[in-house]
Amino acid sequence: FRRPAPRPGSYGVPPLSDIWAIVPIKGLEKGKTRLSPVLSQSERASLIPAMLADVLDAFADFGGMPVLVVTGDTRIVEMAERRGMHALCEQTSVSESVAVESATVFAQSRGAGGTMVVPADIPLITASDIRDVVNLAPTAGTVLVPAWDGRGTNAAIRRPANLFPL
């Protein structure tokens with residue numbers, strides 16, 4: 001773990017000192033297998049870093065909370081650190097759930113009272129979207145943002161941070 005320099009946001013939102021964003025991602029070559037009927041492996045490999053960059057840029061533009069990227073890929077660690085974000089590099093990738101829970105424990109050890117978990121592949125996410133979700137966050141409880149297809153969750157805020165496993 002490396003501590004980056006803080007980066008102020010463009011939205012003028014005061015830091016949400018008790019909420020940490022967690023962005024889990026396996027690696028830059030892994031994933032998007034459901035797109036294999038329409039995209040080649042090399043096309044999918046190009047799509048993953050582009051989608052991750054969009055998510056990280058949205059959080060960087062929002063600037064209202066610490067961001068912790070959890071991955072086993074050192075290139076992703078570098079992407080996060082270039083944006084002034086925290087990175088937790090896993091030695092072994094077991095599952096997204098395990099990654100989120102280890103990141104939750106890490107964030108809590110640094111004072112997080114809540115977490116906002118966002119997958120690394122949310123298309124077209126913006127700082128405004130993040131702000132809208134954060135504005136719904138209760139002091140205790142949860143906000144769940146379902147994926148449009150009903151097959152997952154695009155964001156989950158938990159207060160306290162370990163309110164339930166993801």
Side-chain angles (χ1 to χ4, degrees), residues 1-7 9-11 13 15-32 44-45 47-134 137 142-147 152-159 161-166:
F1 172 76
R2 297 179 209 162
R3 178 175 227 96
R7 177 179 171 161
S10 61
Y11 277 86
V13 175
L16 303 168
S17 59
D18 75 323
I19 296 181
W20 279 51
I22 296 174
V23 180
I25 180 169
K26 292 179 205 170
L28 294 179
E29 283 86 24
K30 301 171 185 173
K32 297 295 168 212
R44 291 192 318 269
L47 180 62
I48 294 166
M51 294 181 84
L52 172 61
D54 287 347
V55 170
L56 297 182
D57 288 345
F59 274 107
D61 290 345
F62 174 69
M65 67 181 70
V67 178
L68 175 59
V69 177
V70 58
T71 185
D73 191 322
T74 57
R75 296 168 299 172
I76 294 171
V77 169
E78 292 170 8
M79 287 176 72
E81 290 177 346
R82 278 195 307 267
R83 290 168 174 82
M85 297 172 178
H86 304 274
L88 185 60
C89 196
E90 298 179 298
Q91 298 303 317
T92 305
S93 178
V94 177
S95 71
E96 184 174 304
S97 297
V98 169
V100 168
E101 291 315 308
S102 65
T104 299
V105 169
F106 181 88
Q108 285 181 295
S109 75
R110 305 279 184 297
T115 58
M116 179 179 187
V117 179
V118 174
D121 61 354
I122 302 300
L124 307 175
I125 188 171
T126 66
S128 177
D129 297 327
I130 295 166
R131 183 194 62 225
D132 291 346
V133 174
V134 168
T142 190
V143 174
L144 298 174
V145 179
T153 305
N154 284 350
I157 292 181
R158 301 175 295 168
R159 272 186 170 163
N162 60 356
L163 182 62
F164 54 86
L166 292 172

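Positions are given from 1, in the same order as the sequence printed here. We use all heavy atoms of the structure for the numbers below, so side chains are in, but hydrogens, waters and symmetry mates are not.
The side-chain contact (heavy atoms from CB on, under 4.5 Å) test applied to Val105 returns no partner, not counting sequence neighbours. Checked against side-chain hydrogen bond (donor to acceptor under 3.5 Å, both in side chains), Thr104 has the following partners two or more places apart in sequence or in another chain: Arg158.
Counting only heavy atoms from C-beta outward, the side chains of Met65 and Val134 approach each other to under 4.5 Å. A 4.5 Å side-chain heavy-atom check between Val70 and Phe106 finds every atom pair outside the cut-off. Between Asp18 and Arg159, some side-chain heavy-atom pair lies under the 4.5 Å cut-off. Asp73 is not listed as a side-chain neighbour of Ile25, based on a closest heavy-atom distance of 4.5 Å or more.
The structure places CD1 of Ile157 at 5.0 Å from CD1 of Ile19, a figure rounded to the nearest 0.5 Å. Residue Trp20 holds its CH2 atom at 6.5 Å from CZ of Arg110, rounded to the nearest 0.5 Å. Put simply, CG on Asp61 and CG on Leu56 are 11.0 Å apart, with the number rounded to the nearest 0.5 Å. Here the CG atom belonging to Asp132 is positioned 9.5 Å from the CZ atom belonging to Phe62, to the nearest 0.5 angstrom. Between Met116 atom CE and Ile22 atom CD1 the span is 11.5 Å, to the nearest 0.5 Å. Here Asn154 contributes atom CG and Ile125 contributes atom CD1; the two are 8.0 Å apart, rounded to the nearest 0.5 Å.
The two residues Arg83 and Ala53 come nearest to each other via the heavy atoms NH2-CB, 3.7 Å. Contact between Val117 and Pro24 at its shortest, heavy atoms only, is CG1-CD, 4.3 Å. The two atoms that bring Pro49 and Met79 nearest to each other are O-CE, 3.9 Å, heavy atoms only. Nearest heavy-atom pair across Ala103 and Leu88 is CA-CD2, 3.9 Å. Shown here for Ala112 and Ala161, the closest heavy-atom pair between the two residues is O-CB, 4.4 Å. Shown here for Pro119 and Thr153, the closest heavy-atom pair between the two residues is CG-O, 3.6 Å.
Of the options Ile130, Asp121, Ile122, Val69, a side-chain contact (heavy atoms from CB on, under 4.5 Å) to Val55 is made by Ile122 and by none of the others.
Using a distance-only test at 3.5 Å, with no hydrogens or angles considered, no donor-acceptor pair links the side chain of Thr74 to the main chain of Val77. Using modelled atom types, one side-chain atom of Asp129 and one backbone atom of Thr126 make a donor-acceptor pair closer than 3.5 Å. The main-chain N or O of Leu166 is found under 3.5 Å from a side-chain atom of Ser97 such that the two form a donor-acceptor pair. Between the side chain of Thr115 and the backbone N or O of Ala21, no donor-acceptor pair lies under 3.5 Å.
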